[in-house]
Colleague: 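One structure is given below, represented as structure tokens, and several questions about it will come after.
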Amino acid sequence: MNKNIAVIRGDGIGPEIVAQALKVLDRVAACYGHSFRYIDVDMGGCALDKYGDPLPEHELEKCKNADSVLLGAVGGNQWNDVPADKRPEKGLLRLRAGMGVYSNNRPAKIWRQLADASPLKSEIVANGIDFLIVRELTGGIYFGTHKTENGTATDILQYSEAEIERIGRIGFETARKRNRRLCSVEKSNVLDSSRLWKAVMHRLSNEYPDVELTDMLVDNCAMQIVKNPAQFDVIVTENMFGDILSDEASMITGSIGMIPSSSLGAGTCGLYEPIHGSAPDIAGTDKANPIGTILSAAMMLRYSFDLNAEADAIERAVSAFLDNNYRTADIMRSGMTEVGCAQCGDLIAEYIGKG
Ligand code: IPM
Ligand code: MG
């Protein structure tokens with residue numbers, strides 16, 4: 001299979017972690033007879049420095065024309081004071097909106113080898129942590145009007161029924177492929193947008209009688225994720241709630257560095273990125289955990305290219321890395337062997353085709 005992959009290395013640890021994912025993809029290509037062509041795209045702070053724009057139109061076009069997009073991370077302290085519409089993060093938001101990838105899939109699954117890395121009590125972890133957050137990605141407060149005038153700041157949170165319905169359907173369809181339990185998370189005791197959200201979810205549930213729909217207020221959900229994570233199968237929620245809950249969910253699995261994500265819209269061209277940020281404090285020190293990015297590449301193979309055996313091989317290679325007691329700094333424990341970012345990529349690439 002020949003595929004063109006737009007590659008956004010980004011800022012901070014972005015280039016280091018993306019390099020490891022490409023190593024792994026190259027190994028997959030060699031073992032399974034595929035050809036992946038990488039198209040470098042500038043986005044984020046590096047694009048701002050180069051072009052004065054965190055995502056110039058010509059770079060967005062490269063992403064839209066590719067078969068899929070792999071992204072490291074963007075942002076850094078040196079761009080903290082640039083105007084809001086020039087911030088590196090704005091490039092990312094424009095990329096998501098420009099590609100139309102409204103559905104962001106963030107798994108929270110604990111690797112059995114990392115059970116002791118979870119900050120939760122072992123009896124809670126023993127019940128299992130394996131759920132998925134479906135986060136609406138191109139609407140809500142992230143994309144409403146933002147303004148600051150006369151000492152007052154305003155951010156508008158707006159959702160149309162159509163926007164809620166299309167992400168709701170993804171939630172139901174995803175639950176159907178898993179354990180058929182969907183939890184819709186909102187703040188309907190306060191927000192109109194959440195009341196509409198809840199009403200649309202219940203209307204849709206008539207079409208998915210095989211999926212059990214429950215509602216949960218977002219503050220309660222934040223509590224339930226640490227109290228009893230085993231209760232969740234699929235959570236569907238709006239953009240900002242999903243942003244916050246997915247950081248929380250990642251931490252109970254041991255490290256945010258392990259979590260990949262996929263973002264899809266109408267077609268098969270997706271955006272694949274780890275859920276963590278650019279970690280400027282450890283950039284260039286070879287300390288970053290590239291596994292979230294490597295697993296994002298696996299998701300790309302699975303969801304955009306339908307290469308399931310190849311995606312399985314990457315996930316098995318990550319498991320082999322952990323089974324052999326290798327750990328990056330974020331998940332390091334006594335008795336384990338600490339490896340840097342580059343060696344982590346080398347080892348995982350080596351395990352592909354071996355198991
Ligand atoms: C994420 C990040 C982004 C978001 C930032 C960098 C804009 O936190 O992907 O979760 O808030 O969506
Ligand atoms: Mg986030």
Side-chain angles (χ1 to χ4, degrees), residues 8-15 17-18 21 41-48 53-55 60 63 69-80 82-108 132-144 146 155 157 159 163 167 185 218 221-222 225 235-253 255-265 270-281 283 288-289 291-293 295-296 299-300 330:
I8 306 175
R9 293 165 206 269
D11 310 316
I13 58 170
I17 54 178
V18 167
V41 173
D42 291 314
M43 198 265 281
C46 55
L48 180 65
D53 183 339
L55 181 63
L60 173 61
C63 295
V69 183
L70 182 69
L71 162 67
V74 296
N77 299 330
Q78 64 269 53
W79 301 291
N80 277 350
V82 301
D85 66 323
K86 296 270 191 229
R87 284 187 67 100
E89 292 82 357
K90 198 70 184 187
L92 177 56
L93 300 187
R94 273 173 29 210
L95 177 67
R96 290 169 176 170
M99 290 180 66
V101 288
Y102 61 85
S103 167
N104 178 222
N105 212 315
R106 297 188 162 189
L132 193 83
I133 297 180
V134 174
R135 170 186 175 194
E136 199 293 324
L137 202 60
T138 56
I141 200 162
Y142 275 56
F143 292 92
H146 308 286
D155 300 282
L157 197 182
Y159 270 109
E163 281 175 300
I167 191 69
V185 172
V218 62
C221 183
I225 284 177
I235 288 175
V236 64
T237 193
E238 65 95 47
N239 202 343
M240 188 162 70
F241 297 160
D243 177 46
I244 297 167
L245 294 177
S246 63
D247 267 36
E248 185 193 12
S250 75
M251 199 55 225
I252 64 166
T253 71
S255 171
I256 194 169
M258 298 290 297
I259 311 287
S261 82
S262 65
S263 304
L264 284 155
L271 171 62
Y272 296 85
E273 48 173 323
I275 77 159
H276 61 73
S278 60
D281 51 325
N289 182 348
I291 295 179
T293 317
L295 293 172
S296 298
M299 285 182 120
M300 171 186 292
D330 55 324

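Counting convention: from 1, in listed order, for ligands and their atoms alike.
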Colleague: Does Asn289 have any side-chain hydrogen bond (donor to acceptor under 3.5 Å, both in side chains) partners at least two apart in sequence or in another chain, and if so, which?
Modeller: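 With sequence neighbours excluded, Asn289 shows a side-chain hydrogen bond (donor to acceptor under 3.5 Å, both in side chains) to Thr328, Asp330, given in chain and number order.
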Colleague: I'd like a table of the close N/O pairs between ligand 1 and the protein (anything under 3.5 Å), one pair per line with both atom names and the distance.
Modeller:
{"from": "ligand 1", "atom 1": "8 (O)", "to": "Asp243", "atom 2": "OD1", "distance (Å)": "3.2"}
{"from": "ligand 1", "atom 1": "9 (O)", "to": "Arg96", "atom 2": "NH2", "distance (Å)": "2.7"}
{"from": "ligand 1", "atom 1": "9 (O)", "to": "Arg106", "atom 2": "NH2", "distance (Å)": "2.8"}
{"from": "ligand 1", "atom 1": "10 (O)", "to": "Arg106", "atom 2": "NH1", "distance (Å)": "3.1"}
{"from": "ligand 1", "atom 1": "10 (O)", "to": "Arg106", "atom 2": "NH2", "distance (Å)": "3.2"}
{"from": "ligand 1", "atom 1": "10 (O)", "to": "Arg135", "atom 2": "NH1", "distance (Å)": "3.4"}
{"from": "ligand 1", "atom 1": "10 (O)", "to": "Asp243", "atom 2": "OD1", "distance (Å)": "2.8"}
{"from": "ligand 1", "atom 1": "11 (O)", "to": "Tyr142", "atom 2": "OH", "distance (Å)": "2.6"}
{"from": "ligand 1", "atom 1": "11 (O)", "to": "Asp243", "atom 2": "OD1", "distance (Å)": "3.4"}
{"from": "ligand 1", "atom 1": "12 (O)", "to": "Arg96", "atom 2": "NH1", "distance (Å)": "2.7"}
{"from": "ligand 1", "atom 1": "12 (O)", "to": "Arg135", "atom 2": "NH1", "distance (Å)": "3.2"}
{"from": "ligand 1", "atom 1": "12 (O)", "to": "Arg135", "atom 2": "NH2", "distance (Å)": "2.9"}

Colleague: If only atom types and distance count, is the side chain of Glu136 paired as donor or acceptor with the main-chain N or O of Gly139 below 3.5 Å?
Modeller: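 Side chain of Glu136 to backbone of Gly139: a pair is present.
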Colleague: Looking at Asp85 and Arg94, does any basic side-chain N land under 4.0 Å from a carboxylate oxygen?
Modeller: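 Salt bridge: no.
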Colleague: I'd like to know if the side chain of Ser278 reaches the main chain of Gly75, judged simply by a donor and an acceptor atom lying under 3.5 Å from each other, with no hydrogens or angles considered.
Modeller: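 Yes, the answer is positive, given that a donor and an acceptor are paired below the 3.5 Å cut-off.
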Colleague: Indicate the atoms forming the closest heavy-atom contact of Ile275 with Ser250, along with that distance.
Modeller: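 The answer is CD1-CB, 3.8 Å.
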Colleague: Checking Thr293 side chain against Ala21 main chain: does a donor-acceptor pair fall under 3.5 Å?
Modeller: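 Pair absent, no side-chain N/O of Thr293 close to backbone of Ala21.
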Colleague: State which residues pass salt bridge (charged side-chain N to carboxylate O under 4.0 Å, His left out) with Arg106; sequence neighbours excluded, sorted by chain then number.
Modeller: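 If we apply the salt bridge (charged side-chain N to carboxylate O under 4.0 Å, His left out) test to Arg106, skipping adjacent residues, there are no hits.
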Colleague: Please check if the side chain of Ser296 supplies one atom and the backbone of Pro260 the other of a donor-acceptor pair under 3.5 Å.
Modeller: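 Answer holds: no.
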Colleague: Report yes or no: do Asp243 and Tyr142 form a side-chain donor-acceptor pair below 3.5 Å?
Modeller: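 Side-chain D/A pair, Asp243 to Tyr142: present.
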Colleague: What protein N/O/S atoms are found closer than 2.8 Å to the Mg ion (ligand 2)?
Modeller: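 Only Asp243 OD1 fall inside 2.8 Å of the Mg ion (ligand 2).
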